[in-house]
Protein chains: 2
Amino acid sequence: MTRPLTQTEENYLKAIYKANEKTKAAVNTNTIAAYMKTSAASVTDMMKKLAQKDLVIYERYKGARLSPTGSKTATSVIRKHRLWETFLVQKLGFSWEEVHEIAEELEHINSDKLITKLDEYLGFPKYDPHGDPIPSADGKFMLREQMILSQLDVDESGILVGVKNHETSFLSHLNNLNIALGTSILIKERSGFDKSLKVSVSKGAEVVLTDMVAKNLLIRKS
Amino acid sequence: MTRPLTQTEENYLKAIYKANEKTKAAVNTNTIAAYMKTSAASVTDMMKKLAQKDLVIYERYKGARLSPTGSKTATSVIRKHRLWETFLVQKLGFSWEEVHEIAEELEHINSDKLITKLDEYLGFPKYDPHGDPIPSADGKFMLREQMILSQLDVDESGILVGVKNHETSFLSHLNNLNIALGTSILIKERSGFDKSLKVSVSKGAEVVLTDMVAKNLLIRKS
DNA sequence: ATATATTTTTAGACAACCCTAAAAATATCT
DNA sequence: AGATATTTTTAGGGTTGTCTAAAAATATAT
Ligand SMILES: [Mn+2]
Ligand SMILES: [Mn+2]
Ligand SMILES: [Mn+2]
Ligand SMILES: [Mn+2]
């Protein structure tokens with residue numbers, strides 16, 4: 001009797017999931033509204049509806065958290081999103097900055113068998129093209145030791161394993177700098193003035209990274 | 001300013017397209033309602049809306065035809081449907097009776113680049129897993145000489161190139177008979193009573209096909 | 001602690017898509 | 001042609017998800 005969720009409902013669940021991924025604290029109506037690019041009034045309506053369906057725990061004026069079911073659903077949508085992104089990049093040859101929007105649509109396709117087969121076809125990838133972990137069918141994330149590039153000292157180096165910012169403009173900027181997942185980055189100098197870094201990329205070209213860029217690069221120390 | 005069509009609108013256009021594929025005559029409200037599994041009243045509402053948007057030519061009490069734009073849109077949705085079905089069978093290993101429903105969802109994903117790349121990835125297929133022609137990006141169908149198996153005489157043979165019925169139960173029935181696209185079928189006997197055929201399949205096993213089955217098999221004479 | 005600012009909810013409305021029942025138009029039969 | 005049957009449209013209404021504006025609750029500041 002429990003009919004499948006609408007795309008909108010799935011997107012709300014994902015928004016809450018992402019908003020409190022670490023803290024698991026209740027998420028403000030306004031925060032959800034910002035994620036969903038909608039009005040606070042619409043969020044209130046939807047929270048009532050999702051609470052009704054036991055997908056969120058919601059108390060008026062106190063924000064919303066995901067219920068166990070809601071959390072499972074959100075994780076499953078994220079799994080689908082990241083598997084599709086991986087498909088688009090690895091099989092169809094898209095670049096990492098092009099895939100997010102398309103995956104936003106594909107993630108709502110409703111077929112367990114499809115996702116199982118896609119996962120298999122891709123060789124059971126553990127990370128998507130942005131370095132984000134792909135949850136397994138039972139919702140487990142493969143965590144990884146990682147730190148932010150800005151935290152490295154001069155003469156230390158790391159391998160890029162992920163990005164915190166997923167905007168097209170940021171990813172294109174990295175393309176221009178010849179920085180991709182797997183690229184090794186060695187810190188040569190740090191400016192005392194603006195914290196910008198002179199780094200050498202893949203043991204070759206030296207480039208300058210602003211602190212704003214460095215803060216969005218996730219690396220494994222090497 | 002012309003926002004993308006909704007899934008429902010696309011499905012209506014496809015319904016009209018399929019209903020008058022050969023004749024191009026105006027399609028009855030009731031016929032569309034049957035295709036869409038909805039009420040005649042809903043169809044009337046939608047026809048007004050689509051006529052407003054210049055996607056159909058509609059005159060009350062006289063049915064609807066697709067406008068050139070509507071026809072282009074319908075063809076593009078069919079192209080997407082059939083490319084996705086091909087992907088599901090050829091790359092993900094689905095069986096031909098499993099893919100239609102999933103493709104009904106995938107066909108609405110909105111990205112020209114995606115379809116271009118998918119087409120290329122699949123090697124520019126001309127026919128889908130059911131033998132239906134895949135229109136090119138500019139809407140051209142690759143037609144083929146074909147006839148219905150029932151039209152063959154005893155001792156004549158043909159290669160299966162398509163099926164007229166796409167129901168899961170029919171396709172599974174063919175699976176059971178070891179009949180797939182490309183299978184060669186030789187007529188051994190025709191019953192004068194019920195027109196059922198004794199045929200030999202792939203130069204091997206003899207099976208009996210009811211006329212109802214034979215009428216739904218499209219073959220190229222061999 | 002009271003006033004002010006911010007956040008959230010409620011109220012009322014709209015668009016898309018659907019429904020059933022009744023009315024109107026068209027088609028068929030004798 | 002006139003009566004009857006069928007098809008189609010209109011009328012009125014429901015749900016989902018959206019919006020703006022006003023009201024209510026909560027948080028912040030003096
Ligand atoms: Mn993404
Ligand atoms: Mn990603
Ligand atoms: Mn199909
Ligand atoms: Mn098909």
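Each chain gets a letter, A, B and so on, in the order the sequences are listed, and its residues count up from 1. In this text the structure is predicted, and so the values were computed from the model without any measurement.
For the side chain to side chain contact (heavy atoms under 4.5 Å, CB included) test, residues two or more places apart in sequence or in another chain that qualify with Met212(A) are Thr210(A). Under the rule for a side-chain hydrogen bond (donor to acceptor under 3.5 Å, both in side chains), the partners of Ser95(B) that lie at least two apart in sequence or sit in another chain are Glu97(B). With sequence neighbours excluded, no residue satisfies side-chain hydrogen bond (donor to acceptor under 3.5 Å, both in side chains) with Lys48(A). By the side-chain hydrogen bond (donor to acceptor under 3.5 Å, both in side chains) test, Arg79(B) is found to be paired with Asp119(B), residues two or more places apart in sequence or in another chain being considered. Partners of Asp211(B) by side-chain hydrogen bond (donor to acceptor under 3.5 Å, both in side chains), not counting sequence neighbours, listed by chain and number: Lys215(B).
A heavy atom lying under 4.0 Å from DNA chain C marks the following residues of residues 14-37 of chain A, by number: Asn28(A), Thr29(A), Asn30(A). A heavy atom lying under 4.0 Å from DNA chain C marks none of the residues of residues 101-109 of chain A.
Between Lys48(A) and the phosphate of dT9(C), there is no side-chain N or O to OP1/OP2 separation shorter than 4.0 Å. The phosphate of dT9(C) has OP1 or OP2 within less than 4.0 Å of a side-chain N or O from Thr44(A).
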Quick test: give all pairs of protein nitrogen or oxygen and nucleotides 25-29 of chain C nitrogen or oxygen below 3.5 Å, distance rounded to 0.1 Å.
unit_1, atom_1, unit_2, atom_2, d
dA25(C), O4', Tyr61(B), OH, 3.3

Table of protein N/O atoms under 3.5 Å from nucleotides 2-4 of chain D N/O atoms:
none

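Residue pairs that meet the ring pair (Phe, Tyr, Trp, His ring centres under 6.0 Å) test with at least one member in residues 57-90 of chain B, sequence neighbours left out, are Phe87(A)-Phe87(B), His81(B)-His100(B), Trp84(B)-Phe87(B).
Judged by distance alone, the side chain of Glu105(B) and the main-chain N or O of Asn110(A) form a donor-acceptor pair under 3.5 Å.
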Name the atoms and distances for all side-chain donor-acceptor pairs under 3.5 Å in residues 25-32 of chain B, with sequence neighbours left out.
none

Side-chain donor-acceptor pairs of residues 131-143 of chain B under 3.5 Å, sequence neighbours excluded:
unit_1, atom_1, unit_2, atom_2, d
Asp132(B), OD2, His166(B), NE2, 3.0
Ser136(B), OG, Asp138(B), OD1, 2.5
Ser136(B), OG, Lys140(B), N, 3.1
Ser136(B), OG, Lys140(B), O, 3.4

